Amino acid sequence: MSTPFLVQALAVLSAPALGAVVLTGVRLRRRATDAETREAALRLRVDELTAERDVLQRTASCDPLTGVWNYRHLQLTLDREVERARRVDPGAVPRPLALLMVEIAGFEAVVAEHGRARGNAILRDLAQRLSVEIRRSDTLGRYGGEEFLVVLPDTGLDGAVQVAERLCWTVRRHQLLDWSPAGAEPGRVSGRNGLTASVGIAVLPEDGAHAALLLRAADRALGAARAGGGDCWRGAAELTGSEASEGGPVVAVAEAVENPGNLSPGAEEVSLTSAGTAHSTAAVAAGHDTGP
C-alpha cells in the first residue's frame, strides 16, 4: 500500500476524533466561563448579604431615638471590656477601665415648651454631640430615658474625670436646635440652654471587679452627683459608707487633673475646688466658656 494512500486513510479515520477533541475543548471552555460567571454572581450576592447583615446588626445595636448605641450593645461591650481588662498575667495589675453614668436634667422644661417631638430631636442632637467628645475606642450609648453610659477602656480615674468635665460642659453649653445666641430666654443664664448633666464615675478594679459591680458603683456615684445639685461629677471611690447607701452628697478631695490626651483638641485643664463646689462644672464655667 502506497504512502499517500495511508496518509489519506489516517486523515479520514482521525477526522471524527479530532472533531470530538475540538468540541470537547469548546465545551470545557464554555463550562469554565459559565463557572466563572456563576462564581462572580455568588461573590456579589455574598457581598450584598454581608452588607445587609452589617446594616441589620447596626440597626439592632442602635437606639432608634438618639442613634447612639443601645442598652444591649452597652452590656455586651462592658462585659467584653471588663474581660479584656482582667485578662493579664497572674499577679499583674488589671488594665484600667472607667465607666461613666450620665444623666441629663432639664428636658422636662424643653418638652413642656416645645413639645415631645421637638424634645426628642434635641435629645438626639445632643447625644450625637456627646459621641464626638470621646475617643473612637470608647463607647457611648443610651442607658434609658435621659441617661447615657460611657465605657472608657484603658482609662483611669484622672482620664475619666477629664471626660466627665467635658461632657458636663458640652451639655451645659450645647446650642439647642431652637436656641438663638441673640439673647437668653427669661430666667435663663446667658449662653446656657437650661440643661445640666450629672455624672457618676466607677473605675476597675477599685470600684468593682465585674460589670454588675461597676454599674452599681456608677449608679451610686450618679445619685450623689444628683443630690449635690447636678452639673457635676462624683467618683464612687469617694463615697463613704452612708453616702454609698443613701446617695447623699460627698466631700470631695481638691485636686488638679491633667489632660489625659483622650479628649478632642481644645480641652482645657480644670482645677477642682473643695467641698461645696467640688466637682461642680459651674464653678469652673468661666474657664470653659472660652473653650471650643
Side-chain angles (χ1 to χ4, degrees), residues 71 74 78 98-112 119 123 126-127 130 133 140-152 157-174 187-189 192-204 206-208 211-257 270-288:
Y71 179 75
L74 287 172
L78 182 57
L99 183 67
L100 307 184
M101 190 172 290
V102 184
E103 182 182 65
I104 302 176
F107 264 99
E108 296 81 0
V110 174
V111 172
L123 181 61
L126 180 57
L130 292 176
E133 295 295 339
L140 180 143
R142 189 183 182 202
Y143 194 60
E146 284 82 45
E147 287 190 7
F148 296 86
L149 206 64
V150 186
V151 182
L152 304 173
L157 179 60
D158 289 350
V161 167
Q162 284 287 337
V163 177
E165 284 285 350
R166 188 160 184 83
L167 293 182
C168 288
W169 183 90
T170 298
V171 170
R172 181 177 2 101
R173 302 291 296 182
H174 181 62
R188 180 177 297 177
V189 179
R192 303 290 185 88
N193 55 24
L195 302 179
T196 58
S198 301
V199 183
I201 302 176
V203 181
L204 180 84
E206 291 84 351
D207 302 321
L213 291 178
L214 285 176
L215 285 170
R216 193 178 307 167
D219 186 56
R220 289 197 301 266
L222 174 61
R226 189 189 305 117
D231 197 21
C232 61
W233 60 267
R234 292 290 188 270
E238 297 176 350
L239 304 181
T240 63
S242 60
E243 290 159 351
S245 60
E246 299 175 4
V250 299
V251 176
V253 179
E255 57 182 340
V257 182
V270 179
S271 295
L272 304 180
T273 55
S274 57
T277 58
H279 310 333
S280 172
T281 56
V284 294
H288 279 301

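Not measured: the values here are computed from a predicted model. We count residues from 1, following the sequence as given.
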F107 to L195 - nearest heavy-atom pair and separation: N-CD2, 3.8 Å
Minimum heavy-atom distance F148-R142, with the two atoms named: CD2-CA, 3.7 Å
E165/V199 under side-chain contact (heavy atoms from CB on, under 4.5 Å): CA gap, chis, key distance, verdict: CA-CA 9 Å; E165 284 285 350; V199 183; over 6 Å; no
CD1 on I104 to CG on L126, rounded to 0.5 Å: 4.5 Å
Non-neighbouring partners of T170 that pass side chain to side chain contact (heavy atoms under 4.5 Å, CB included), sequence neighbours left out: R129, L130, E133, R166
Identified side-chain contact (heavy atoms from CB on, under 4.5 Å) partner of L99 from the options L74, L204, L215, V203: L215
Stepwise side-chain contact (heavy atoms from CB on, under 4.5 Å) check, L157 with E206: CA-CA 10 Å; L157 179 60; E206 291 84 351; over 6 Å; no
Considering all heavy atoms, the nearest L214-G208 contact: CD2-O, 3.9 Å
Point-to-point distance, once rounded to the nearest 0.5 Å, from CZ of R234 to CG of L222: 11.0 Å
Considering all heavy atoms, the nearest S198-D231 contact: OG-N, 4.0 Å
For Y143, all residues meeting ring pair (Phe, Tyr, Trp, His ring centres under 6.0 Å), sequence neighbours excluded: Y71
I201 versus A164, closest heavy-atom pair with distance: CD1-CB, 4.0 Å
Verdict with supporting geometry, C168 and T196, side-chain contact (heavy atoms from CB on, under 4.5 Å): CA-CA 7 Å; C168 288; T196 58; over 6 Å; no
Nearest heavy atoms of G235 and A221, plus distance in Å: C-CB, 4.0 Å
For A217, side chain to side chain contact (heavy atoms under 4.5 Å, CB included) partners two or more places apart: A202, D207, R220, A236
Residue list, salt bridge (charged side-chain N to carboxylate O under 4.0 Å, His left out) with E103, at least two apart or on another chain: R226
